[in-house]
Amino acid sequence: MTLAVQFTGVSRVFGEVKAVDRVSIDIQDGEFFSMLGPSGSGKTTCLRLIAGFEQPSAGSIRIHGEEAVGLAPYQRDVNTVFQDYALFPHMNVLDNVAYGLKVKGVAKGERYVRAEETLALVALDGYGARKPAQLSGGQRQRVALARALVNRPRVLLLDEPLGALDLKLREQMQGELKKLQRQLGITFIFVTHDQTEALSMSDRVAVFNKGRIEQVDSPRNLYMKPATAFVAEFVGTSNVLRGALAQRLTGQALPFSIRPEHIRFADDQPLASGELEVSGLLHDIQYQGAATRYEIQLENGQNLSVSQANDQWQAGAPTFQPGQAVTARWARAAMVALQDLAPGEGH
Amino acid sequence: MEASLKSRTRQPAHGPLHRLANLLYRKPNLYLALLLVPPLLWFGAIYFGSLLTLLWQGLYTFDDYSMMVTPELTLDNLIALFRPANYDIILRTLSMAIAVSLASALLAFPIAYYMARHTTGKTKAFFYIAVMMPMWASYIVKAYAWTLLLAKGGVAQWFVDQLGLAPTLQLILSIPGVGGSTLSTSHLGRFLVFVYIWLPFMILPIQAALERLPPSLLQASADLGARPWQTFVQVILPLSIPGIAAGSIFTFSLTLGDFIVPQLVGPPGFFIGSMVYVQQGAVGNMPMAAAFTLVPIVLIAIYLSIVKRLGAFDAL
């Protein structure tokens, strides 16, 4: 299988700041690949490096096997959906979509036919005569998508395209984007800071932190087997336990992570083999609809989050009160040992 | 804690100022009215009213023999605008205004583009000051200075001689409608002074329009395959047209109304502005002067409607 995009030791330095620091990634052809990370983690800079809006300070970027360093954006077979959509305000929707064909010298008749087809692909046929200002946010987003797809790129770059949409619309667009990607069979590289978005859409996700990649993996592995404390805490919620507590519980000095939903409250039964338990003081209870979140302060002062699905509707939910002493248990198998040792690393 | 919260959230209206503040907060329209009445009075009565009075006087009768103005309404002054002598003045002024606006736009665009897209912080401040500094100096002094620069044996003449272009200059000066006996008494010289004086009024609006252009639009254009010149023609230029239009409204109307530069530089012959000046001053024919003031207003109105029809304001 050929690689759509390959980063080898790529760095991008702005003055003193290393926005991207020795990053190497292989993105497969036809893959839905997400770059996930907090703001300032280098994910958008990586996308701009692929698009050609930035040039790397060091390293090599190959797009479909060809060295792309030094190429201008208009010399690359990739197209971008911008965060602010960047629609041309002085052109109507059809001219916006046809723009990529116009500048490549495609004749007027053909480019309008193809622009109409691409508009139909995003369910906006018939909107061609409108100006971008007359469209809703979701519609503008679709126009931006159609405009980027009209050139039939082999790689589509999406820079937080759903960030400005409200939750319902965002979830709907996530499904549509995924469907579109399967239908077209081209590589989508999707930048987001929203971990649920990245998990639900992607084949693989790269987690960025401080210009470096912490882990590249499938959504399932990212969640179930986070490699570092940062990934454990950024992708979903996690309890990362360290130091003496970790030593006492596991017999190893390595920090480990345990998901809140993998923890349960101790019942009358004795501790089963392969299980651990800790005690602490319950100090906060948050009802969250599908689940209830309990915050427990452990003996060493660390916080432990426990999440219990609200499915005990027949037996009645447990009635805990803040300030109550509780004991929490979990299976050893649910714990994930993490690589890094340095406490406080991550956020 | 609770007590202090209570006292902070429920503050009764004490003095009259408090009550007034509360009243204005509850009635935003009253607030707006208080804010707008003074400027509307100024604009409506003093500015607009006096303009209408002035134009109304254009319908008064001027008696050539007694040199007296009588408030008998007549259209003679307006009809007189179309007499060949007056019509020439209008045409001369109009063509100069168009030429000055075009040249200013061509000169201003690169400067404005550089300011908007390539300077930041201190360099940008430097350019702002450099563009506006000539406007701080007295306009008349600048116009006089130019008469010396362009005079026979002046700096401009010397410079042209040094370049060995004196014959070329003579050739240009011999073209009717452009030239004159020397640079300072030629249409070309007058044109140069106008462009110099009004250029800042063209640079700043174009710069503002280019500044508003989101960088992502230019990136999107390049991303879709447009080469830099295509991005310029398809995106940058169309979106800067409102700025060019705004700037040209300044250069156009300022040239139409000017009466000092035409007196100091260039060949003899009135401009609209100098005609108004002479009519109301030396001659005392206020009605004719008022009729002449109508001309720039009408020309600007026509100009604006053309600019609008070209779609210059669509992207606003």
Side-chain angles (χ1 to χ4, degrees), chain A residues 44 47-54 71-92 95-106 111 115 118 131-134 140 143-153 155-161 164, chain B residues 105 109 112-113 116-124 205-249 304 306-316:
Chain A
T44 298
L47 197 81
R48 295 169 60 85
L49 283 166
I50 303 172
F53 306 138
E54 304 279 352
L71 291 185
Y74 50 84
Q75 294 168 310
R76 299 176 184 221
D77 190 15
V78 299
N79 286 120
T80 309
V81 178
F82 288 81
Q83 188 171 11
D84 61 355
Y85 313 142
L87 299 178
F88 303 123
H90 58 299
M91 298 180 195
N92 66 24
D95 281 324
N96 260 287
V97 176
Y99 186 80
L101 301 171
K102 183 179 188 182
V103 295
K104 288 195 168 133
V106 176
R111 70 172 185 253
T118 319
K131 284 281 177 81
Q134 297 168 303
R140 279 181 221 177
V143 176
L145 193 60
R147 188 180 65 172
L149 287 171
V150 82
N151 282 345
R152 295 172 188 158
V155 179
L156 185 73
L157 309 175
L158 302 109
D159 183 10
E160 307 214 16
Chain B
F109 196 93
Y113 185 84
R117 307 221 71 90
H118 292 279
T119 63
T120 47
K122 280 190 177 156
T123 2
K124 185 163 279 189
I206 299 180
Q207 190 262 349
L210 290 171
E211 195 100 33
R212 277 201 304 269
L213 215 77
S216 64
L217 283 188
L218 310 187
Q219 286 167 358
S221 175
D223 185 75
L224 292 163
R227 274 144 215 291
W229 67 267
Q230 287 174 310
T231 300
F232 183 81
V233 173
Q234 303 287 346
V235 180
I236 298 174
L237 201 56
L239 289 176
S240 62
I241 292 234
I244 298 174
S248 67
I249 288 164
L304 279 180
I306 293 173
V307 168
K308 187 174 184 301
R309 191 156 305 171
L310 290 176
F313 305 122
D314 288 2
L316 286 183

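The shown structure was predicted, so the numbers you read here are calculated from the model rather than taken from an experiment. Each chain gets a letter, A, B and so on, in the order the sequences are listed, and its residues count up from 1.
- Atom CG of B:D223 sits about 5.0 Å away from atom CZ of A:F82, to the nearest 0.5 Å.
- With a 4.5 Å cut-off on non-hydrogen atoms, A:D84 touches chain B through its side chain but not through its backbone.
- Residues meeting the salt bridge (Lys or Arg N to Asp or Glu O under 4.0 Å) test with A:R111, sequence neighbours left out: none.
- Ranked by heavy-atom pairs under 4.5 Å with chain A, the list B:P228, B:S221, B:P215, B:P214 is led by B:S221.
- In plain terms, the two heavy atoms of A:Y99 and B:V235 that are nearest each other are OH-CG2, 3.6 Å.
- Between chain B and the residues A:R48, A:R76, A:Q83, the most heavy-atom pairs under 4.5 angstrom are made by A:R48.
- The shortest non-hydrogen separation linking A:M91 to B:Q234 is CE-O, 3.7 Å.
- In this structure, the portion of A:L87 lying under 4.5 Å from any heavy atom of chain B is its backbone and not its side chain.
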Would you list the atom pairs, donor with acceptor, under 3.5 Å between side chains in residues 143-152 of chain A and any protein atom, with sequence neighbours excluded?
{"residue": "A:R147", "atom": "NH1", "partner": "A:A86", "partner atom": "O", "Å": "2.9"}
{"residue": "A:R147", "atom": "NH2", "partner": "A:Y85", "partner atom": "O", "Å": "3.2"}
{"residue": "A:R147", "atom": "NH2", "partner": "A:A86", "partner atom": "O", "Å": "3.0"}
{"residue": "A:N151", "atom": "ND2", "partner": "B:L224", "partner atom": "O", "Å": "3.0"}

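- Taking all atoms of both residues into account, the shortest heavy-atom contact from B:Q219 to A:F53 is O-CE2, 3.5 Å.
- A 4.5 Å side-chain heavy-atom check between A:P89 and B:L217 finds at least one atom pair inside the cut-off.
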